[in-house]
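Take a look at the structure below.
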Amino acid sequence: MEEMKAREEINSLREDLNKYNHEYYVLDQPSVSDAIYDQKLHQLKELETAFPHLITADSPTQRVGGEPLDSFNKVQHQVPMLSLSNAFNENDLRDFDRRVKDGLGVEEVTYVCELKIDGLAVSLRYENGVFTQGATRGDGTTGEDITSNLRTIKSIPLRINETETIEVRGEAFMPQRSFLALNEAKEENGEEPFANPRNAAAGSLRQLDPKIAAKRNLDIFLYAVGQWESGALTAHSERLEHLSNLGFKTNPEWEKCATIDDVIAYVNGWVTKRSDLSYEIDGIVIKVDQLVYQEQLGATAKSPRWAIAYKFPAEEAITKLYDIELSVGRTGVVTPTAVLEPVKVAGTTVQRASLHNEDLIREKDIRINDTVVIKKAGDIIPEVVRVVTEEREGTEQPYHMPSQCPACDSELVRLDEEVALRCINPNCPAQLKEGLIHFVSRNAMNIDGLGEKVIEQLFEANLVKSIADIYQLKREQLLPLERMGEKSVDNLLQAIDVSKSNSLEKLLFGLGIRYVGSKAAKTLAMHFETMNNLKAATYEDLIAVNEIGDKMADSIVQYFSEEEVQQLVDQLKDLELNMSYLGQKPKVEEIADSPFYDKTIVLTGKMEELTRPEAKERIESLGGKVTGSVSKKTSLVIAGEEAGSKLDKANELGITVWDEQQLIDALNEMEK
Ligand code: IVH
């Protein structure tokens, strides 16, 4: 392709991708499917590989890049990043209101109340519209340059529509779902979990390798402007709106309050509503809205006088720890869990709390029958904070982890540097069961009606011991089981059957290959396209794929080298499970009668209505393959205006030629 054309297409793809990105990550209102997004990103990557000098730092393909750093550079903040003084109750808020009004000599001030996001403060610098530097707060004067990690946060625009240098500030954080998933994976890998989402976010942004931060699903809300020479706005609320108009993600829950009573009502409202949020907040920030007032009030060495942070009280409760139970995860990690006398914390009743590992039990000296203080870590996972030793009566029993697996009795081991104990028996029933539960789960094969309970039931009834057994279940075997009526059995068998045509990534993720999460599974499926290709891939083939690191590559090679795995894959093939990546393509039956199905198509010349990537995408989704040059293998040539040598060659070889309109008509007909 000529460079000019490539440049045009690259720009158009980038524009589309930036728009989709903003819709998805900032506005939470996607307008296209993931498949279309992935496809465009893939096309852009291909074009950039063909024309590497057209790659720019703000291209959507360049979020995760560069080699791991040795250390972070220091960044001097042009405008200091102050912190906030705290308020803990209504009185503190009224005192603040008084100080503000006395300081200004006025009787009316407008406040803006915002959620206090529990993450870490960062600053983002844009020069000529391009994100050039991101830094931590550090001591407020000097922070660390964490640009490459911040670039991986998809809600941070790499380009904005503002040519003047502008520095904006906000809170980077880890949403609760990502936090839970990360800790779960950490525990499964025998690593120490993060205590709360804030530590997890900070730990992720402090990684020297941006590939790690990229996997952590961090997010950000912007709430302030640092350096901005000609910022002509007069109120903080206007700045928030401006930030949002520039494409930044701002938190939508802020409100203007005309009186301190309104502020207090806002604060009290969030004490209960906070548990509905998908991210953690630790208070409310109250800011004077008028910027002239902010300037007049100024700041102390540490914090501005025009703002205050109301901190929610930590929610803790005291209860009795009755017992410690063990569970064996999918990868054999044995996790102790405290069984508690039910108690209410932060709005829900808690009766179990993970104790993570033996070290933690020892460190906190937790004994059976102890009275303990519990809280919800990041208000999500209940956690034992400490033992109330004053309540001990002498009957409390120290706890020792057993040396044998509670499920299969094999000797437990502690692998290098891991804090966790593991059962390494590949046939351990608890691991097998957890593996099956994972296999049928939503992000994996997503088999409706086959949840944890039913798997347990089938497992106990000896009907399902391995993944392949799921696909051999018979109606007669299921009917006698409890809670299995005719209808539910039929539905279940139908759902199992439907799952056979899942795209490869679902199966790959479901197999539970160590370190292969659902995102990596998708990357692998897209790249290798079939299970056979992936099975045959070498370590080198694997690490050559973007986003696949050496740990994962090793694990995949190791996995497929095992005889049992090979047998399982063959068995699943015989049971007619799909082993290919289907992408966003419709089902084969639906596209088999498309004029593009299994055809090799060449696009040439200028198109009026369709863009080249769009035409390619639509043809491919109908089963066609779009290639660059005309040969005997070409089945169809689409010739736009001023088509040149490719059209000549097509005529020479007697290949069918369509114009753009014929293409459009055929596409529309099929897509009806
Ligand atoms: S404004 C000079 N707004 O809270 C004012 N801070 O305890 C700068 N934080 O360092 C901060 N959410 O990391 C502001 N909506 C919000 C915030 C917020 C969280 C953090 C920020 C700050 C700390 C102060």
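Both counts, for ligands and for their atoms, begin at 1 and track the order of listing.
Heavy atoms of Lys287 found under 4.0 angstrom from ligand 1 belong exclusively to the side chain.
Closest heavy-atom approach to atom 4 (O) of ligand 1 among the candidates Arg137, Arg198, Glu253, Lys116: Lys116.
In this structure, Arg169 does not count as a contact residue of ligand 1, since none of its heavy atoms falls inside 4.0 Å of the ligand.
Taking every heavy atom of Ala121 and a limit of under 4.0 angstrom, the matching atoms of ligand 1 come to 13 (O). Annotation for ligand 1: atoms under 4.0 Å from non-hydrogen atoms of Pro304 are 2 (C). Which parts of ligand 1 touch Glu114 is read off a 4.0 Å heavy-atom cut-off, strictly below it: atoms 3 (N), 15 (N), 16 (C).
Looking at residues two or more places apart in sequence or on another chain, you find a salt bridge (charged side-chain N to carboxylate O under 4.0 Å, His left out) between Asp38 and Lys522.
Ion pairing of Arg94 with Asp261 is present here, as a side-chain N (NZ or NE/NH1/NH2) and a carboxylate O approach within less than 4.0 Å.
Tyr223 CE1, 3.9 Å is the protein heavy atom nearest to atom 11 (C) of ligand 1. Scanning the protein for heavy atoms near atom 8 (C) of ligand 1, the closest one is Leu82 O, 4.0 Å. Protein heavy atom nearest atom 5 (C) of ligand 1, with residue, atom name and distance: Leu84 CD2, 3.6 Å.
Exactly one of Thr56, Asp58, Thr61 qualifies for a side-chain hydrogen bond (donor to acceptor under 3.5 Å, both in side chains) with Arg14. That residue is Thr56. Test Ile284, Asp282, Asp92 against Lys311 for side chain to side chain contact (heavy atoms under 4.5 Å, CB included) and you get one pass: Asp282.
Ring centroids of His438 and Phe509 are separated by less than 6.0 Å, placing the two rings close together. Taking the six-membered ring for Trp and the full ring otherwise, the centers of Phe221 and Phe173 sit less than 6.0 Å from each other.
Residue-to-ligand polar distances place Ile117 within reach of ligand 1: an N/O pair is separated by less than 3.5 Å. Taking only nitrogen or oxygen atoms, main chain and side chain alike, Glu171 reaches within less than 3.5 Å of ligand 1. Geometrically, ligand 1 and Leu115 share a nitrogen or oxygen pair separated by less than 3.5 Å.
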TODO: Tell me, with the steps shown, if Arg392 and Asp365 meet salt bridge (Lys or Arg N to Asp or Glu O under 4.0 Å).
DONE: CA-CA 12 Å; Arg392 280 203 175 142; Asp365 187 22; 3.3 Å; yes

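Remark: Lys249 is not positioned above the aromatic ring of Tyr25, lacking an NZ or CZ atom under 6.0 angstrom from the ring centre and at most 45 degrees off the axis.
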